[in-house]
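Just so you know, these numbers use all the heavy atoms, side chains as well, and skip hydrogens, waters and symmetry mates.
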Amino acid sequence: MNEAIPVSRAVDHGTAKLMPDVDRERAWLLTVDGAPQSYVDLDDPTHLEFEYVRRLAHVIDCAADAEDPLDVLHLGGGALTLPRYVAATRPGSRQDVVEADHGLLALVAEHLPVPADAAITVHRADARRWLEQAPEHSVDVLVADVFGGSRVPAHLTSQEYAQAAARVLRPGGLYAANLADGAPFDFLRSQLATFAAEFEELALVAEPAVLRGRRFGNAVLLASHTPIDTAALARRTASDAFPARVEHGRTLRRLTGDAQAVRDDNAVASPEPPDGAFSIG
């Protein structure tokens, strides 16, 4: 067996590193400027290491009956962890991935190739621009996991962006976004208010310690025009190796409070994480 060698390369938005997992033969951690971006096990795409990715996977697991194919649009690519998971668990799914970093895409294609039969199409483009040109009512699930460094870009946080997301979803479709914030949750509250202006149903999935304001961390925002099966999702997230809570309804409205929807002209990026919040040694 050949020993896997770490790879480091300059990409469009920093320095990317691929580091082998010593415990799993063909598993890799991708970082950009020290911030973890993706973890991929080429032999087992259903093995998910990152907590927030596991929660997004639970969301997709609950989006339709088991193994039913879905049309999924992913804004933000990384090493394509979630698209690989969907391809493995829902054969026949059609997936588009939009990633702006050409150098990162080339690195992933060279060292972590996707199986040819996975039906995953990768596009090099800005997420917002591609979304606004995508066909209306064309996807079942839209996953947004876009970070510039360690921050969600401002142009992917506004009501106009939420309108574009709503336009591409089919009736009953689901929007899921990976966000990051900490107490007093000014950014997260503004996102709840922004998506509530465009969608009738919202839910939030996060670790209890994050929701209680004890630490900065990820939160998965869900939005739909139709009821979200929060009970099924809560069962999955509560029993996960990294338990999380699902908030919705009155509790979520209380968290939103008097926050206002943001528009393009006053949108801001998510806050800079505290030192060490997401970096690795």
Considering non-hydrogen atoms only, spot the tightest contact between [X] and [Y] and give its length.
{"X": "Ala164", "Y": "Leu131", "value": "CB-CD2, 3.8 Å"}
{"X": "Thr31", "Y": "Met19", "value": "CG2-CE, 3.7 Å"}
{"X": "Leu107", "Y": "Leu30", "value": "CD2-CD1, 4.3 Å"}

Is the shortest distance from a Lys or Arg side-chain nitrogen in [X] or [Y] to a carboxylate oxygen in the other one below 4.0 Å?
{"X": "Arg189", "Y": "Asp258", "answer": "yes"}
{"X": "Asp61", "Y": "Arg236", "answer": "yes"}
{"X": "Arg263", "Y": "Glu160", "answer": "yes"}
{"X": "Arg254", "Y": "Glu247", "answer": "no"}

For a 4.5 angstrom cut-off between non-hydrogen side-chain atoms, does [X] reach [Y]?
{"X": "Asp21", "Y": "Leu29", "result": "no"}
{"X": "Val139", "Y": "Leu169", "result": "yes"}
{"X": "Val114", "Y": "Arg84", "result": "yes"}
{"X": "Pro243", "Y": "Pro208", "result": "no"}
{"X": "Phe242", "Y": "Thr237", "result": "no"}
{"X": "Val98", "Y": "Leu73", "result": "yes"}
{"X": "Asn178", "Y": "Arg55", "result": "no"}
{"X": "Asp12", "Y": "Arg124", "result": "yes"}

Any luck finding a side-chain donor-acceptor pair between [X] and [Y] under 3.5 Å?
{"X": "Asp33", "Y": "His13", "result": "no"}
{"X": "Asp264", "Y": "Tyr161", "result": "no"}
{"X": "Asp96", "Y": "His123", "result": "yes"}

Counting heavy atoms not belonging to [X], are there more than 12 under 6.0 Å from its [atom1]?
{"X": "Arg9", "atom1": "CZ", "value": "yes"}
{"X": "Gln163", "atom1": "CD", "value": "yes"}
{"X": "Glu67", "atom1": "CD", "value": "no"}

Check your understanding: Testing Leu75, Leu174, Val72, Asp71 for side chain to side chain contact (heavy atoms under 4.5 Å, CB included) with Leu142, which one passes?
Key -> Leu75

Point to revise | Candidates Leu222, Val246, Leu204 - the one meeting side chain to side chain contact (heavy atoms under 4.5 Å, CB included) with Thr230 | key: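 Only match with Thr230 under side chain to side chain contact (heavy atoms under 4.5 Å, CB included): Val246.
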
Any chance you could measure [X], atom [atom1], to [Y], atom [atom2], to the nearest 0.5 Å?
{"X": "Ser158", "Y": "Gln191", "atom1": "OG", "atom2": "CD", "result": "8.5 Å"}
{"X": "Leu211", "Y": "Asp181", "atom1": "CG", "atom2": "CG", "result": "11.0 Å"}
{"X": "Gln95", "Y": "Ile120", "atom1": "CD", "atom2": "CD1", "result": "5.0 Å"}

Exercise for review: Show the numbers, then the answer: is there a side chain to side chain contact (heavy atoms under 4.5 Å, CB included) between Glu201 and His225?
Suggested key: CA-CA 6 Å; Glu201 302 289 336; His225 290 304; over 6 Å; no

Check your understanding: So Phe195 and Phe199, would you call those rings parallel, tilted or perpendicular, with 30° and 60° as cut-offs?
Key -> parallel

Judged by atom type as modelled, is there a donor-acceptor pair below 3.5 Å linking the side chain of [X] to the main-chain atoms of [Y]?
{"X": "His47", "Y": "Asp41", "result": "no"}
{"X": "Ser93", "Y": "Pro69", "result": "no"}
{"X": "Arg90", "Y": "Asp68", "result": "yes"}
{"X": "Arg151", "Y": "Pro273", "result": "no"}

Exercise for review: Test Leu112 against Trp28 for side chain to side chain contact (heavy atoms under 4.5 Å, CB included), laying out the working first.
Suggested key: CA-CA 8 Å; Leu112 308 175; Trp28 296 82; 3.4 Å; yes

Review point. Given Thr157 and Ser270, is the side chain to side chain contact (heavy atoms under 4.5 Å, CB included) satisfied, shown in steps?
Key: CA-CA 8 Å; Thr157 68; Ser270 65; over 6 Å; no

